[in-house]
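The structure appears below as structure tokens.
Numbering of residues begins at 1 and proceeds along the displayed sequence.
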Amino acid sequence: MLPERRSTVVSSSSYLNPSGHNDNSFLLLRRGKKFGRIVKLKLSHFFLFFVSLFFFSCMFSGHKLLFHGSELLPHFEQNPYMKSHMLVSSEIDIGSNKSNIERPPGSKKRTKHLPCEVPLAESVDHILEPQDYLNFTPFSLGFVETETYDKPRFGGHQTLKERERSFSAINQTIHCGFVKGTNGFHQGTGFDLSEMDRAYMKNCVVSVSSCIFGSSDFLRRPATKKISEFSKRNVCFVMFVDEQTLLKLASEGHVPDKQGFVGLWKTVVVRYSIWLDSKMRLTTDPMLIIDFFLWRTKSEFAISNHYDRHCVWDEVLQNKRLNKYNHSAIDEQFMFYRSDGLKKFDPSDPNSPLPSYVPEGSFIVRAHTPMSNLFTCLWFNEVDRFTSRDQLSFAYTYLKLQRLNPDRPLRLNMFKDCERRALTKLFHHRVDSSPPSPPA
């Protein structure tokens with residue numbers, strides 16, 4: 001983990017990298033009819049070759065199904081409603097053996113998404129945390145720290161019964177990552193924290209955090225001129241990295257000092273936090289962000305809607321179209337959610353619980369209240385149980401939490417994507433580093 005003393009925020013995840021198609025990749029210049037016929041012939045052969053290759057790969061992957069939940073089949077069988085709805089496909093065809101997933105109709109030109117004005121306070125001197133702001137739904141939330149399994153997992157070994165119970169906003173102990181083995185360490189997970197880092201974490205009230213694994217990004221320093229002296233002194237900037245990334249950063253001159261800092265970055269447990277994807281640079285003072293998205297709206301959790309998609313059905317198709325994850329694993333997760341009551345997003349419904357069912361998870365602002373912590377843990381557990389495509393599980397997790405706790409709402413603020421773009425600067429991932437291949 002790398003801390004930074006005078007810098008800005010970075011965010012997750014994931015875990016979460018939406019990408020679009022570039023339909024203008026090739027510009028064909030026709031020079032005469034003969035040349036045109038040759039080009040068409042070669043392109044047709046080229047196209048047929050890749051269609052055949054893609055079809056073969058789909059058939060091959062069908063023999064290596066990633067079925068996360070050996071527990072899930074008995075759960076389906078024991079639940080008549082889930083059993084009767086498990087294989088319903090009339091609403092959308094997302095079969096794992098389909099290799100001809102069609103592209104959405106529309107113009108070949110990509111839509112350009114621009115930032116919009118965000119009326120932040122002029123200065124941190126003009127903001128003040130509201131009295132009793134953190135007096136949200138009170139209950140005690142503990143976390144599973146140790147398990148006795150032979151093979152420890154960072155996310156633990158949560159059963160379906162434990163999963164179902166965890167959605168209730170009551171005093172309880174739940175899985176939320178950082179689960180240790182019987183020896184007291186995260187053996188095999190690589191997520192042990194040093195005592196120095198733990199001591200640092202206890203002193204933070206507000207943090208800005210991000211992570212870089214597999215050396216997939218450059219270290220983006222916050223826009224220092226945009227950060228107030230108050231925030232430089234009082235906000236913890238946190239960056240989680242692995243050994244590969246640490247070595248790469250060191251080769252580029254980003255060597256941690258004796259306290260483990262690279263500029264402003266360090267790891268923390270806090271009352272407020274901002275999460276940025278590592279390919280983004282924060283260009284706004286973090287205290288102004290907390291004031292605008294949480295304090296003014298009396299919210300516990302703030303996240304932007306997706307810039308292009310709003311229905312989980314569309315997100316499923318896009319993930320499969322771009323081969324973001326094993327198709328069978330996506331189908332398993334999607335069927336489970338549908339059988340448990342997930343419906344299509346209706347943009348014409350004035351009573352919709354959310355303005356969009358698909359978030360842009362690269363920028364998250366949180367108050368660490370019991371309900372916000374519970375939702376975050378539930379969302380993480382869905383990613384850990386099913387697929388790493390967190391946009392697939394966001395709406396289901398939120399809606400189920402609200403459904404089971406009607407008297408204890410999570411105060412969630414889903415803001416416009418253009419506002420997210422106004423507060424950060426987006427970069428591309430490293431060209432020379434490819435992300436890990438999805439499980440086959």
Side-chain angles (χ1 to χ4, degrees), residues 12-16 64-79 81-83 85-86 94 96 141-169 172-181 186 188-191 213 312 315-316 319-320 324-342 357-359 361 364 373-404 410 436-440:
S12 93
S13 69
S14 55
Y15 320 168
L16 325 153
K64 292 186 176 182
L65 301 183
L66 177 66
F67 204 81
H68 295 254
S70 56
E71 293 183 275
L72 298 185
L73 282 178
H75 186 65
F76 279 121
E77 296 294 333
Q78 294 171 9
N79 189 327
Y81 176 83
M82 298 181 78
K83 183 178 179 181
H85 288 72
M86 181 176 175
I94 58 166
S96 59
L141 201 61
F143 307 106
V144 175
E145 297 183 358
T146 305
E147 290 185 337
T148 58
Y149 288 85
D150 294 334
K151 295 182 179 180
R153 295 182 66 252
F154 176 75
H157 298 77
Q158 184 190 53
T159 66
L160 282 172
K161 184 176 180 180
E162 291 172 335
R163 172 188 179 273
E164 192 67 22
R165 184 178 184 274
S166 67
F167 277 85
S168 299
Q172 61 173 319
T173 299
I174 64 174
H175 288 77
C176 196
F178 290 94
V179 179
K180 299 178 182 178
H186 302 99
T189 67
F191 283 96
F213 293 147
V312 180
E315 187 64 22
V316 166
N319 273 267
K320 297 177 73 173
K324 289 291 188 178
Y325 210 87
N326 179 280
H327 293 198
S328 298
I330 293 177
D331 288 346
E332 175 194 340
Q333 180 178 13
F334 186 51
M335 287 189 294
F336 191 98
Y337 288 173
R338 289 176 61 193
S339 64
D340 199 21
L342 180 65
Y357 280 5
V358 181
I364 302 173
N373 290 340
L374 175 59
F375 171 71
T376 305
C377 289
L378 294 175
W379 192 12
F380 163 78
N381 288 333
E382 293 303 294
V383 171
D384 186 53
R385 175 176 291 276
F386 292 105
T387 73
S388 60
R389 309 307 299 169
D390 55 350
Q391 290 160 322
L392 299 179
S393 52
F394 173 82
Y396 167 83
T397 304
Y398 173 80
L399 295 172
K400 181 164 184 170
L401 179 63
Q402 298 299 91
R403 185 174 74 246
L404 297 182
L410 169 67
S437 300

Taking every heavy atom of Ala395 against every heavy atom of Tyr357, the minimum-distance pair comes out as CB-O, 3.3 Å

Between Val383 and Ser393, the two heavy atoms sitting closest are CG2-OG, 3.9 Å

All heavy atoms of Cys377 vs all of Ile174, minimum pair found to be CB-CD1, 3.6 Å

Next on the checklist: Has Asn381 got a side-chain atom pairing as donor or acceptor with His175's backbone, closer than 3.5 angstrom?
Outcome noted: yes

When rounded to the nearest 0.5 Å, the distance separating CZ of Arg385 from CZ of Phe380 is 11.5 Å

Is there a salt bridge (Lys or Arg N to Asp or Glu O under 4.0 Å) between Lys400 and Glu164? Walk through the geometry before answering. CA-CA 10 Å; Lys400 181 164 184 170; Glu164 192 67 22; 2.7 Å; yes

(message) Has Glu147 got a side-chain atom pairing as donor or acceptor with His157's backbone, closer than 3.5 angstrom?
(response) yes

Can you confirm whether Thr397 sits close enough to Leu401 that some side-chain heavy atom of one is under 4.5 Å from a side-chain heavy atom of the other? no

* Asked: Does some side-chain heavy atom of Lys324 sit less than 4.5 Å from a side-chain heavy atom of Thr387?
  -> no

_Non-hydrogen side-chain atoms of Leu378 and Phe167 separated by less than 4.5 Å_ = yes

Check: Are any of the side-chain heavy atoms of Arg153 and Val179 separated by less than 4.5 Å?
Finding: no

ask   = Any side-chain heavy atom of Arg163 within less than 4.5 Å of one from Glu382?
value = yes

Counting only heavy atoms from other residues, nucleotides and ligands, does the tally under 6.0 Å from CZ of Arg403 exceed 12?
yes

* Describe, in one word, how the ring planes of Trp379 and Phe394 are oriented to each other, choosing from parallel (under 30°), tilted (30 to 60°) and perpendicular (over 60°). => perpendicular

Heavy-atom closest pair (Ile330 atom, Lys320 atom, distance to 0.1 Å) is CD1-CG, 3.9 Å

Looking only at heavy atoms, the pair that brings Phe336 and Tyr396 closest together is CE2-OH, 4.1 Å

Closest heavy-atom pair, Val312 versus Phe334, reported as atoms and distance to 0.1 Å, is CG1-CE1, 4.2 Å

Between the CG atom in Leu404 and the CZ atom in Arg165, the distance rounded to the nearest 0.5 Å is 12.5 Å

- Query: Would you say the side chain of Ser166 lies within less than 4.5 Å of the side chain of Gln158, judging by non-hydrogen atoms?
  - Reply: yes

